[in-house]
Every structure is written in structure tokens, then in C-alpha cells.
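Here the structure comes first, spelled out in C-alpha cells, and everything after it is commentary.
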Amino acid sequence: MPRPISATISLPALKHNLECMRGHMSRAGRERGRESPRIWAVIKANAYGHGIEQAKQAFASADGLAMLDLDEAVRCREAGWQGPILMLEGFFQPRDIAVLRDYSLSTVLHCQEQLEMLQSAPPGKSLAAWVKLNTGMNRLGFAPEAFGAAHDWARQLLQQGRLHEVGSMMHFARADDDAAFTRIQLERFHEATAGRPGAVSVCNSAASLMPECWASFEPSTEQWARVGICLYGASPFAHRSAHSLGLLPAMSLQSEIIGVQQVRKGEGVGYGHTFIAETDMRVGVVACGYADGYPRHAPNGTPIQVMGVRTRVVGRVSMDMLIVDLSAVPSAGVGSPVVLWGGSGPSVDEVAQACGTIGYELLCALAPRVPRSIQALAATQARQEGHDKNFLGELT
Ligand SMILES: *Cc1c(COP(=O)(O)O)cnc(C)c1O
């Protein structure tokens, strides 16, 4: 028998979350009498730990996929994705350009070096490109004073047939916690792109939920939101739960109790004895540790669920195991089910918050050694969307 730990990836939840985000945006669009942005489903980092193939299936109705690993992009194409694919960091070396062309991948252009590589690439199939402006994130992108020249250069590459589309994009640094700085970034973007043709892409999950971000453009401007974390059922905001946004957890991590100890008052638990029993108590040992991707720095009190009852982690998380307080679950014993996050247990955001991090980090840190089981889309759903190849086969 393998260790009793596993993760469940719910394709219906992934699909629901995409529809939920589209719903939020189209309602806001309707209220303003305008179209809402198209959606790039962001599936970088192995779809935030959920698996590229799973994401490709569940996000079949997305307008495009965005990621940054060329191999993952190629896998999407090979799995049959025909829509746009955006490479969020563009390309890294001249030889990547051939891959972009072969697989029709759209590229971000965020630095002079990329423009030079594109200019000196041998002639070939034209690409779609998005010139990125640094509006204050200070990560990737052209400074406002350099953006005009970069965009002009991209337009020249368009005339030369090296590109067939040139859009403009930016990324918010504080869409989750600072509306004033978000407005400043947006103003910088408007200023730098004024009068320049092409589609725009500004919003991540948080900004997609703030219609003032995308509704500040002319209704005729083609817009693309880049939605990541919400698709996976976690929240970009510290003070707004995913549940309150109508999102469903797409990953649950579960395991079992594999041992029980009766600990006397005053005894320490686990490495370093970072927890001292306040009273005589039972604790359970769970088959899940930091080698499974559970954060080692989870403090005493981190929420966890045993037999449907919410309790707490006690003591230091070790490589393959962690320890839970069973005081509230007297009937728990070896074999009792444990939910670390997702499903009916604490949300990944609650666990992350207790650990001083964000849901994003926990989701993408799930270790490859944890077996995944996939909750499939209902057959009827898959059929309606024409993804079930066998069904298409049956028709002919
Ligand atoms: C990761 C990423 C996103 C998605 O962000 P979320 O907060 O997960 O929605 C959007 N744009 C870029 C450039 C990114 O790197």
C-alpha cells in the first residue's frame, strides 16, 4: 500500500471557477453597457500545481492560455489546444523564436534584447506580440520613457511581416491591497499607450474583479484579462475569501492518521518540542510532511480537519509527517481521514495565512510524489463541448 496521502484535482471546480470569473466580469460589463475582457487562463507553474493537461481540459472555454514555460506550451498544443497561447515572459534565446513560430505562440516583448533577437531572426512565420510596460511593478517591462520607442519598433516588425499583431500590456503590483497605487499604474499605462493601436491586457485576478481597471478603456479596445489564482479556487485578496467570490477549491489535499500518542501535560511534541502539551491530550500523526509540499513553517494552531472536525497542527512539521491535536475528535484513530486543505477542510488560503504565505505558494509547491486523482468533468459536459474524442468518434 502506498502512503495514504493524495491530492484530488476537480475539473468541475476548475471549470466552474472560469465561468464564475467570466460571470463577474460580464455582469460588471453589462452594468456599464460594454463588453468584458476576454480571458487568458493563466496556467503557469503546472497550472498552479493542478496539472497542465487538467487545466487544458477544464479551461476549454477560455479565450486563451497564458504560461511561461515553452515545454508546457508545446504540451498544450500537442494535447490539442488550438486557441491563443501567451508566453508571459516571452522568449529567452534566439532559438526559442523557432518554437514560438512552429507552435503559434504569442509572445510578450519586455526588453530591448528581445526586440533585437526578433529583428535578427531569420525570416519565418509571423508572431503575435504584446509589448510590456513597466508601470510600477518594477519587474518586467519597458520603462514609460522607453515604451514608445519599443512599441514603434514592434510596429516596424509588424510592417516587415515578423509580427502580425502588437498589443500592449502591464502588470499590477498591488491590485490586491492598494487601490490608489493601482490607479496610478493604470494612469501610467493610459498615458504611455494613448493613441497607440492594438489590444491591451492589464488585469490579473484581483484587477479583473475591480471593473474600474478594465472599464477605463475605450469600449472599442480589445481587452484580455490574465486570470490565474481565482481559477484554482483561491483568493487574491487577504480579506476576501474565495468562497465569498463564489469560487470552489479545485485542489484538496488529504491523508490519514497513521499513529496516535497519548501525551502528558508538560511533554513536548515533535522536533524541537515547539509544542508543549497544556494538558494530558491525544495527538495523531498524519502522513503528510514538508516533502509533500506542506509548509514546514506551519505554526502551532494551523487549521486542519480530522474526521470532519476542524482541529490544529501541533509541533513542527517533519519531512513525511505532522502531528495534530485530537482533543476535539476522541473517536479518531489510525486510518481516520484528514483534510489538509480544500474539499470540506480549511481553505488553502486559511492554511497559507496561518503560515504567513499565500495560497499560490502552497498550491504550486505540492510535491510530485503526492499521487493525484482527477475528478473528471461530467460526461455530458465534456460531450457538449466536443472534448470527448470517443464521442465524436461515435457520431461518425
Ligand atoms: C501570474 C500572472 C498573472 C496571474 O495572476 P493571478 O494573481 O494568479 O491572477 C497575470 N499576469 C502575469 C504577468 C502573471 O505573471
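No experiment lies behind these values; they were computed from the predicted model shown. Positions are given from 1, in the same order as the sequence printed here. First listed ligand is number 1; within each ligand, the first listed atom is number 1.
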Below 4.0 angstrom, N of the basic side chain to O of the carboxylate: do [X] and [Y] qualify?
X: Arg372; Y: Glu53; result: no
X: Glu89; Y: Lys44; result: no
X: Asp152; Y: Arg196; result: yes
X: Asp69; Y: Arg75; result: no
X: Lys15; Y: Glu19; result: yes

Mark up the atoms of ligand 1 that fall under 4.0 Å of a heavy atom belonging to [X], in ascending order.
X: Arg226; result: 4 (C), 9 (O), 10 (C), 11 (N), 12 (C), 13 (C)
X: Tyr48; result: 1 (C), 4 (C), 5 (O), 6 (P), 8 (O)
X: Arg139; result: 15 (O)
X: Asn204; result: 5 (O), 9 (O)

Name the closest protein heavy atom to [atom], giving the residue it belongs to and the distance to 0.1 Å.
atom: atom 12 (C) of ligand 1; answer: His171 CE1, 3.4 Å
atom: atom 9 (O) of ligand 1; answer: Ser205 OG, 2.5 Å
atom: atom 2 (C) of ligand 1; answer: Lys44 NZ, 2.5 Å

Ligand 1 contacted by Tyr360 (non-hydrogen, < 4.0 Å) = yes
Take the angle between the ring planes of Trp341 and Tyr294 and call it parallel below 30°, perpendicular above 60°, tilted in between.
-> parallel
What about Ile229: any of its N or O atoms under 3.5 Å from an N or O on ligand 1?
-> yes
Can you find an N/O atom of Gly228 closer than 3.5 Å to an N/O atom of ligand 1?
-> yes
Flag side-chain contact, heavy atom, 4.5 Å: Val370 against Leu253 = yes
